[in-house]
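See below for the structure under consideration.
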Amino acid sequence: EDSRMADTLDDLKRNLQSLANSISSKLNERQGYLDKADEIQKVYDRLARDKKTIKEYRNDIVYFYKESYNEFKGDNYKYTYKPSIQDLRDSYDDVISNIDINLDALNNQILSYKNKASGCLGSLGYMQIAYNSVKTQIQNWTN
């Protein structure tokens, strides 16, 4: 009887260690996903700051475009500068639009990694329950 109990206790201890390893592995997996989400978040934040700067430049160009410049003689401003300024503004709009597309893609990737991290918790919860059950059995047998 004592031999059988010792075997069962050893089995429970091995089971407990296996469950502890599984929990640790799942926590590491989850943290890996969260770390990747954080890395992408840094890129996202930097790109968002750059977008703000570019929008400020674009607004300066629009302001310049809308001003009237009495020092220009003839139609030089109207036919030479204004079209170039408009092209420059449109180029800034294109850059801003491309940044928006990239920000959306980065945000979707952040969400994907956060969802993967959250997905780790479902099975982790079941492993934690099993771990706690085995640990309690061992404690009850050895107290």
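Atoms considered below: every heavy atom in the structure, side chains included; atoms not considered: hydrogens, waters and symmetry mates.
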With sequence neighbours excluded, tell me which residues meet salt bridge (charged side-chain N to carboxylate O under 4.0 Å, His left out) with E39. none
Looking at every heavy atom in both I96 and K55, which two are closest together, and how far apart are they? CD1-CG, 3.5 Å
Answer with yes or no whether the hydrophobic clustering places L34 together with I23; edges join I, L, V, M, F, W, Y residues whose side-chain heavy atoms lie under 4.5 Å apart. no
Quick check for you: to the nearest 0.5 Å, what is the distance between D35 atom CG and N28 atom CG? 10.0 Å
Name the atoms and distances for all side-chain donor-acceptor pairs under 3.5 Å in residues 105-121, with sequence neighbours left out.
{"residue": "N108", "atom": "ND2", "partner": "D104", "partner atom": "O", "Å": "3.4"}
{"residue": "S118", "atom": "OG", "partner": "K114", "partner atom": "O", "Å": "3.1"}

S22 side, atom OG; Q17 side, atom CD - distance, nearest 0.5 Å: 10.0 Å
Any link between I54 and V43 through a network of hydrophobic side chains (Ile, Leu, Val, Met, Phe, Trp, Tyr) touching at under 4.5 Å? yes
Once side-chain contact (heavy atoms from CB on, under 4.5 Å) is applied, do any residues pair with S25, and if so which ones, sequence neighbours excluded? none
About how many Å separate CG of L47 and CG of N102, when rounded to the nearest 0.5 Å? 6.0 Å
D90: which residues meet the side-chain contact (heavy atoms from CB on, under 4.5 Å) condition with it, sequence neighbours left out? Q86, D93
For residues 42-52, the side-chain hydrogen bond (donor to acceptor under 3.5 Å, both in side chains) pairs (sequence neighbours left out) are Q41-D45, R46-D50, K51-D100
All salt bridge (charged side-chain N to carboxylate O under 4.0 Å, His left out) counterparts of D11, not counting sequence neighbours: R14
Output the distance between atom CG (D60) and atom OH (Y92), rounded to the nearest 0.5 Å. 9.0 Å
How long is the span from the CG atom in L88 to the OH atom in Y57, to the nearest 0.5 Å? 12.0 Å
For L12 versus V134, what's the shortest heavy-atom pair and its separation? O-CG1, 3.4 Å
Atom CG in D10, atom CG in N15: separation rounded to 0.5 Å? 12.5 Å
